[in-house]
Amino acid sequence: MTPEAPTDDATEATGSGLEAEKSRRLALLDELRDSGTEPYPYRFDRTHTLDEVRQAWGTLEAGVETEDPVSVAGRIMLKRDSGKLIFATIRDRSGDIQLFISKAVVGDDEFDAIKRLDLGDWVGVVGTVMTTRKGELSVKPETLVLLSKAVRPLPDKWHGLTDVDTRFRQRYADLIVNEDARRNFEIRHETVASFRRTLASHGFIEVETPVLHPEVGGAHARPFTTHHNALDMPLYLRIAVELYLKRLIVGGMERVYEIARTFRNEGVSTRHNPEFTMMESYQAFGDWNDVMDLTEELITTAARDALGTTVVEIRGESVDLAEAWPRKRMIDYASEGTGVELHPSMPVEAARKIAADHDVFCEQRWGSGKIIEELFEQTAESSIVRPTFVTGHPVEISPLARVDRNDPHLTERFELFVDGRELANGYSELNDPVEQRARFEEEQAAKDAGDAEAGSVDEDYIRALEYGMPPTGGLGIGIDRLAMLLAGVDSIKEVILFPTLRPEA
RNA sequence: GCCUCUCUAGCUCAAUGGUAGAGCAGUGGACUUUUAAUCCAUUGGUUCUGGGUUCGAGCCCCAGGGGAGGCACCA
């Protein structure tokens with residue numbers, strides 16, 4: 001790197017802000033090329049990540065200059081020019097380290113070139129490890145090469161980016177300057193990786209099922225609709241993977257799971273993104289109790305793996321996820337919340353009156369079971385802070401779940417609630433093809449009556465059940481919401497790299 | 001879809017209805033142990049857009065756009 005004196009191009013680009021800054025840097029590109037330096041070389045060999053340097057030499061006393069050679073790379077985040085010395089802080093994925101650049105070591109020409117590097121540039125360094133008089137661990141370059149020239153300036157070096165719109169639209173810039181953002185996605189990664197390990201240890205096989213579904217099923221939600229040109233048919237982006245995974249249980253795969261991007265054409269909020277990620281698992285020969293046990297193991301293990309602890313802060317309270325999670329029936333929550341004993345077997349008129357007393361709106365077609373769920377949501381849901389299994393959902397709202405062996409109006413179903421949010425959902429799976437058809441037909445009737453989220457009869461799924469599905473326990477966990485819990489953030493956008501946004505104006 | 005708040009330099013933020021400013025970044029200069037380096041000098045503005053009120057609008061009013069929060073929706 002031996003650039004010539006600044007050209008007119010570089011100096012005349014005074015003018016205004018960003019455009020001037022970009023043209024100054026673009027002019028530097030030409031200068032570099034003219035002087036024989038490639039501003040975008042193809043590769044660089046490094047011997048250590050910055051954290052590895054810190055691990056290996058972190059205990060060095062102040063004022064020590066080793067002969068230990070290292071080759072490191074990173075982005076220039078800070079630069080302190082002090083005459084014949086330049087201090088620069090570079091950053092790679094593992095951390096930051098200081099470069100101690102001495103004019104006497106690198107030579108006059110290279111020193112001048114380094115002086116003209118910008119914040120944001122990527123550099124590769126070959127040098128030795130040392131500490132400064134104050135004890136700062138540093139790499140002293142013998143040579144320094146530009147790995148990529150940044151032509152757009154970084155956000156504020158101290159405040160980073162705060163405008164949330166810009167943070168999400170320009171996630172790349174957010175990740176460069178905001179450590180919290182990097183940490184959130186690390187936690188998300190560790191959570192998913194932990195799930196895979198736990199599931200593998202129990203003999204689950206990871207599978208991939210269609211994203212494009214010819215029929216909507218497995219949940220109540222409005223789908224995104226698309227069209228296949230060659231086949232000239234409508235297709236729907238999946239709202240759940242349940243029905244495909246249970247087909248695999250019929251096929252004898254016994255234990256399967258999918259980490260599935262799922263799409264629901266509904267509102268955007270701090271808890272909802274139109275595309276989100278669910279982990280769904282199904283295990284032959286198990287029931288809802290096995291699934292609740294698995295849920296606890298998956299989540300506490302993920303917390304341990306991602307955070308190094310099972311204690312998380314929820315609403316200012318320390319909650320140890322490793323303590324057993326209580327199980328309580330939805331009808332008991334709703335009964336306590338309303339002060340009236342509620343059960344799906346009650347006449348719908350009675351349920352409707354209680355709903356009216358609690359300002360809960362009821363659609364005409366709703367039965368007592370659906371109304372009880374609304375009452376639960378109205379009176380109890382948001383007050384559940386610690387992890388709790390809400391169990392025994394009415395049959396009416398659980399078309400794929402098996403009836404409770406002790407109460408024909410309830411199902412062997414649970415939802416996990418933490419911090420007022422639903423994190424997981426599971427049940428003993430309905431495997432009787434005749435009953436399943438009857439439940440589907442009720443769904444179809446609701447759909448015909450105007451319920452846009454109701455399902456319809458999935459004939460192929462019925463056919464699969466007719467071959468015989470063993471007793472099965474199924475589970476779905478919202479990965480985004482779990483990542484929110486573990487990262488301690490209030491918005492789902494903080495754990496989705498590129499959340500859905502309106503197009504830029 | 002409804003309500004409230006918000007939008008000023010590349011970034012972070014100021015500015016009673018009265019000349020649009022600071023810090024950082026950038027540019028020029030000094031400095032061989034800095035740590036958000038420091039010091040001196042300095043460039044940089046369609047105040048989201050379009051109307052309106054006013055002698056005068058970044059500020060007040062109306063409409064539109066982006067974003068955030070809440071409500072609704074989301075089993």
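From a predicted model like this one, the values you see are computed outputs, not experimental measurements. Just so it is clear: chains get the letters A, B, ... in the order the sequence lines come, proteins before strands, and each one is counted from 1. The figures here come from the full heavy-atom set of this structure, side chains too, leaving out hydrogens, waters and symmetry mates.
Applying the ring pair (Phe, Tyr, Trp, His ring centres under 6.0 Å) test to A/Trp122 and every residue at least two apart in sequence or in another chain returns nothing. Scanning for side-chain contact (heavy atoms from CB on, under 4.5 Å) contacts around A/Thr226 gives A/Leu212, A/Leu235, with sequence neighbours left out. The side-chain contact (heavy atoms from CB on, under 4.5 Å) check on A/Asn184 picks up A/Ala487, A/Val489, A/Glu494, with sequence neighbours excluded. Applying the side-chain contact (heavy atoms from CB on, under 4.5 Å) rule to A/Asn289 yields the partners A/Asp287, A/Met292, A/Arg327; only residues at least two apart in sequence or on another chain are considered. With sequence neighbours excluded, the residues satisfying side-chain contact (heavy atoms from CB on, under 4.5 Å) with A/Val211 are A/Leu237, A/Arg238, A/Phe263.
Here B/G26 is the nucleotide among B/A68, B/G26, B/U32 with the atom lying nearest to any side-chain atom of A/Asp118. Counting only heavy atoms from C-beta on, A/Asn425 has its side chain closest to B/A75 among B/A68, B/A75, B/U12. Picking from B/U32, B/A25, B/C13 the nucleotide with the shortest atom distance to the side chain of A/Leu119 gives B/A25. Of the listed nucleotides (B/G67, B/A36, B/C24), B/A36 has the atom at the smallest distance from the side chain of A/Trp158. With B/A75, B/G67, B/U32 as the candidates, the nucleotide lying closest to the side chain of A/Ala104 is B/U32. Checked against B/A75, B/G26, B/U32, the side chain of A/Pro399 finds its nearest nucleotide in B/A75. Of the candidate nucleotides B/C24, B/U33, B/G66, B/U33 has the atom nearest to the side chain of A/Phe100.
Close to B/G67, at under 4.0 Å from its OP1 or OP2, lies no side-chain N or O of A/Lys493. For the OP1/OP2 pair of B/C13 and a distance below 4.0 Å, the side-chain nitrogens and oxygens of A/Thr162 include at least one atom meeting the criterion. Contact between the side-chain N/O atoms of A/Arg502 and the OP1/OP2 oxygens of B/G67 is found at a separation under 4.0 Å. Contact check, A/Arg413 against B/A75: no side-chain N or O comes under 4.0 Å of OP1 or OP2. One finds a side-chain N or O of A/Arg264 lying less than 4.0 angstrom from the OP1 or OP2 phosphate oxygen of B/A75.
At whole-Å resolution of the value, CG in A/Leu18 and P in B/G45 are 12 Å apart. Separating the CZ atom of A/Arg167 from the C1' atom of B/A68 is a distance of 12 Å, rounded to the nearest angstrom. Nucleotide B/G10 holds its C1' atom 10 Å from the CD atom of A/Gln170, rounded to whole Å. One atom, NE2 of A/His159, and another, C1' of B/G10, lie 15 Å apart when rounded to the nearest Å. Atoms CD (A/Glu377) and P (B/C71) sit 13 Å apart, rounded to a whole Å.
Taking a pair to require two hydrogen-bonding distances under 3.5 Å in either a Watson-Crick or a G-U wobble arrangement, B/C71 pairs with B/G1. Base pairing of B/C59: no nucleotide in any strand meets the Watson-Crick or G-U wobble criterion (both distances under 3.5 Å). Base pairing analysis places B/A36 opposite nothing; no Watson-Crick or G-U wobble pair with both distances below 3.5 Å involves it. Here B/U46 sits opposite no nucleotide as a Watson-Crick or G-U wobble pair (both hydrogen-bonding atom distances under 3.5 Å). Nucleotide B/G23: paired with B/C11 (Watson-Crick or G-U wobble, both distances less than 3.5 Å).
A/Asp165 comes within 4.0 angstrom of sugar-phosphate atoms only, judged by non-hydrogen atoms across all strands, and of no base. Within 4.0 Å of A/Thr270, counting heavy atoms only, lie sugar-phosphate atoms of the nucleic acid but no base atom.
The residue among A/Glu415 and A/Gly160 whose nearest nucleotide of RNA chain B is located toward the 5' end is A/Gly160. Looking at which nucleotide of RNA chain B each of A/Ser269 and A/Phe168 is closest to, the 5′-most match is held by A/Phe168.
Nucleotides B/U42 and B/U46 are separated by 22 Å at their P atoms, to the nearest Å. Separating the C1' atom of B/G17 from that of B/G56 is a span of 8 Å, rounded to the nearest Å. With both ends at atom P, the span from B/G64 to B/C5 equals 16 Å, rounded to whole Å. B/A30 and B/G45 are spaced 28 Å apart, taking the P atom of each and rounding to whole Å. Taking atom C1' on both B/A9 and B/G26, the two are 12 Å apart, rounded to the nearest angstrom. Remark: the separation of the C1' atoms in B/A15 and B/U47 is 11 Å, to the nearest Å. Rounded to the nearest Å, the gap between the C1' atom of B/C59 and that of B/G1 is 31 Å. Taking the P atom of each, B/C61 and B/U54 are spaced 16 Å apart, rounded to whole Å.
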Considering only nitrogen or oxygen atoms on both sides, find all protein atoms under 3.5 Å from nucleotides 37-39 of chain B and state each distance.
unit_1, atom_1, unit_2, atom_2, d
B/A37, OP1, A/Lys157, NZ, 2.5
B/A37, OP2, A/Arg80, NH1, 2.9
B/A37, N6, A/Asp81, O, 2.9

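The pair A/Glu21-A/Arg25 meets the salt-bridge criterion, since a charged nitrogen lies less than 4.0 angstrom from a carboxylate oxygen. A salt bridge links A/Arg413 to A/Glu415: at least one charged side-chain nitrogen sits closer than 4.0 Å to a carboxylate oxygen.
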Item to check | Stepwise ring-ring contact (aromatic ring centres under 6.0 Å, His included) test for A/Phe100 and A/Phe87 | outcome: CA-CA 5 Å; A/Phe100 180 101; A/Phe87 300 90; 5.5 Å; yes
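Rounding to the nearest 0.5 angstrom, the gap separating the NZ atom in A/Lys84 from the NZ atom in A/Lys103 is 6.0 Å.
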Under 3.5 Å, side-chain donor or acceptor atoms of residues 147-156 of chain A against the rest of the protein: list the pairs with distances, not counting sequence neighbours.
unit_1, atom_1, unit_2, atom_2, d
A/Lys149, NZ, A/Asp118, OD2, 2.7
A/Lys149, NZ, A/Asp121, OD2, 2.8
A/Asp156, OD1, A/Trp158, N, 2.8
A/Asp156, OD1, A/His159, N, 2.7
A/Asp156, OD1, A/His159, ND1, 3.1

Check: residues 374-385 of chain A side-chain donor-acceptor pairs under 3.5 Å, at least two apart:
unit_1, atom_1, unit_2, atom_2, d
A/Glu374, OE2, A/Lys370, NZ, 3.2
A/Thr379, OG1, A/Leu375, O, 2.7
A/Ser383, OG, A/Ala380, O, 2.6

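Shown for residues 436-443 of chain A: no residue has heavy atoms falling under 4.0 angstrom of RNA chain B.
With 3.5 Å as the limit, one finds no donor-acceptor pair spanning the side chains of A/Thr89 and A/Gln98.
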